[in-house]
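Both backbone and side-chain heavy atoms feed into the values below; hydrogens, waters and symmetry mates do not. Naming convention: chains lettered A, B, ... in sequence-line order (proteins, then strands); numbering from 1 in each chain. For clarity, every value in this text was computed on a predicted model and none was experimentally measured.
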Amino acid sequence: MSEPLVTTEKLCKWYGKVVGINDFTVTIPQGVTGLLGPNGAGKSTFIKLLIGALRPSKGTLRVLGERVWGNRLLLARIGYCPEHDGIYEDLTGTEFVAAMARLSGTPAAASRKLARETLEQLGLGAAADRRLGEYSKGMRQRAKLAQAMVHDPEVLLLDEPLTGCDPLARAQITQRIKELGKAGKAVLVSSHILHEVESMTPEILLVYKGQVLAEGNIYRIREMIDEHPHKIRVACDQPRVLAQQLIVSPDVHSVHFEQEGELVLETRNPDGCYPLIPKLALESGLKIRALTSPDNNLQAVFDYLTRERGPEGVAKAAVKAAGGGAP
Amino acid sequence: MSERAPVVGRGSSARDPDPRGAAPARQVPSALEAVRLLAGLSLRRTRRGRLFWLTAVILALPVAAALLALISGHGGVPFFDELLGVFLRYLAPFIMALHAPATVAEEVTGKTITYLFSRPVARWTLPLGKYLGNLAVNAVLMLAALALIYVFSMIGERDALVLELPRLAMGLFALLLAAVLFGAMATAFGTMVTSFPFVATLIYVLIVEVGFSFVPGWFKVTAMTVHLRAIAGLYHPKESMWLSDPQLTLGVSLPVVLALAAGWLLIAIAWVGSTEYRTDK
């Protein structure tokens with residue numbers, strides 16, 4: 001059986017009195033895993049611990065079964081794409097990626113060729129000889145990815161790799177990450193956007209305030225979350241008329257009004273409610289301007305999980321949702 | 001769990017869809033190779049940076065002064081010695097201090113250190129590589145400037161251009177040592193002080209290297225500029241009833257300068273090996 005990508009046991013990282021991550025116990029399997037959490041949750045700290053840029057304050061950490069800090073042989077097996085925008089502005093794309101390949105042990109003769117090919121794969125072939133300082137944000141992001149991939153590592157640690165990318169670049173990068181997963185690479189992708197990660201993998205690790213909140217299959221986690229009333233916000237011309245009709249439905253738990261021209265309903269069966277609302281509106285001749293779910297974002301998931309567990313019980317009550325695929 | 005061999009390569013997996021195909025096997029770079037690669041990276045960046053041109057402009061000033069002296073007929077050995085003294089006492093420490101940010105500090109503030117620390121290279125190779133890259137550029141610029149000054153200073157004198165070559169050789173040697181020493185000092189400051197390392201280095205230079213060199217008596221041996229001038233043959237100890245300057249020879253000053261350069265580099269190496277540089281500030 002293959003070694004898990006990451007195993008941690010009560011891992012802590014403090015920056016003085018500030019908690020980076022706290023009591024982090026997790027096993028991340030091989031394959032593609034999404035590391036989800038809002039800004040400041042500890043995602044980048046966790047990834048920096050995985051590449052040995054930071055030393056744990058407490059607890060144990062293993063990547064591919066090996067210790068991390070000062071382990072050069074392990075680093076040769078890892079490709080890392082940082083979340084920040086820092087890059088060697090005065091180097092060309094090829095020079096940057098080739099230099100990183102050389103530092104990862106690629107022979108001199110092959111590094112330039114590999115650098116060009118990797119940049120080509122990521123859609124930067126035409127810009128390979130331009131200085132990175134002239135690159136757009138999306139192009140920089142792809143150059144950063146290229147330096148992480150150029151030496152063909154077994155493990156890819158990608159910190160917010162889609163930040164600043166245009167839709168085309170997002171699609172290209174997402175596709176490439178999926179391919180790498182299929183090819184047997186272990187990929188850990190961090191993001192604070194749920195649907196970004198969902199498009200790459202169903203396996204996620206939710207972190208919040210430096211602690212593991214939930215881990216496992218995203219659909220299972222969502223099912224657990226769906227057990228609590230799901231909110232749907234409807235913007236229409238006559239919300240009170242619509243509310244009268246909705247409240248008689250057994251799927252609707254409650255209805256209230258937050259703003260002028262809007263109603264918010266709570267349901268335990270969102271799949272039943274979403275078709276019901278336009279149907280009722282059509283029958284009554286009402287005009288619906290918008291149908292949104294304030295729950296359908298990561299922050300809502302965090303809010304729910306932290307509210308349910310209580311701030312001090314987050315780690316203890318972390319959701320484990322093993323197995324299962326997309327419903 | 002089986003130990004993994006240090007040689008890793010592409011194309012080992014049949015499922016690998018990498019369109020680049022099989023790549024040559026690679027090895028973790030040796031420390032020497034890592035230093036060479038990092039020095040090359042540093043050299044390339046320094047050559048293209050604004051600091052390179054600023055350094056060139058600063059060094060062009062004494063060269064221009066020598067050219068003016070030639071035109072006005074004021075060159076000769078005393079003029080060359082004076083400019084060499086300015087190089088060793090002020091210009092060399094200032095120029096190397098100017099490059100203090102272009103060391104580890106530059107990688108931290110630019111956040112590029114994360115690319116380097118995630119590679120399979122020993123941390124201590126980073127300050128050493130940066131040091132050598134900066135040294136190569138600055139030493140060449142400074143030595144070239146001094147050689148030009150020598151030519152402009154001596155060309156107007158009969159036979160002096162050839163006869164005074166040993167003086168030039170010692171001057172170049174002392175200046176090279178100055179670059180080695182103050183480059184190491186700047187690397188140490190640029191490794192320890194990542195915010196405004198130039199200011200920190202300059203304060204040190206002004207207090208210790210410039211300030212102490214004027215103090216009479218034995219205290220002045222703490223200033224390396226004194227040793228460098230001794231190596232160049234420009235140090236003339238003053239005799240006094242109370243506080244006489246020490247006698248310094250090449251045999252004394254050369255080991256002191258080399259030892260201090262090594263000391264500064266060791267500080268940088270030790271610091272980078274144990275420090276967590278944060279790039280999320």
Say you draw a straight line from [atom1] of [X] to [atom2] of [Y]; how long is it, rounded to the nearest 0.5 Å?
| X | Y | atom1 | atom2 | result |
| --- | --- | --- | --- | --- |
| B:S118 | A:M100 | OG | CE | 8.0 Å |
| B:T112 | A:H84 | OG1 | NE2 | 7.5 Å |
| A:K144 | B:T114 | NZ | OG1 | 8.5 Å |

query: Do any of residues 44-58 of chain B have a heavy atom less than 4.5 Å from a heavy atom of chain A, and if so, which, in residue order?
result: B:R44, B:R45, B:R48

Do any of [range] have a heavy atom less than 4.5 Å from a heavy atom of chain B, and if so, which, in residue order?
| range | answer |
| --- | --- |
| residues 9-19 of chain A | A:K13, A:Y15 |
| residues 126-135 of chain A | A:R131 |
| residues 48-58 of chain A | A:K48, A:I51, A:G52, A:A53, A:L54, A:R55 |

message: Is it the case that over 12 heavy atoms from other parts of the model lie below 6.0 angstrom from the CZ atom of B:F196?
response: no

message: Quick check for you: among B:R123, B:R119, B:E33, which has the greatest number of heavy-atom pairs under 4.5 Å with chain A?
response: B:R119

Least distance between heavy atoms, B:P29 atom then A:S104 atom: CD-C, 4.3 Å

Heavy-atom pair with the smallest gap, counting every atom of A:L103 and B:A34: CD2-O, 4.5 Å

task: Ignoring hydrogens and angles, tell me if any N or O in the side chain of B:Y115 forms a donor-acceptor pair with the backbone of A:G86 under 3.5 Å.
output: yes

B:E106 versus chain A, the contacting section by heavy-atom distance below 4.5 Å: neither

- prompt: Quick one: does A:L75's side chain get under 4.5 Å of B:V28's, heavy atoms only?
  reply: no

query: Who wins among A:I87, A:D85, A:T45 for the most heavy-atom pairs under 4.5 Å with chain B?
result: A:I87

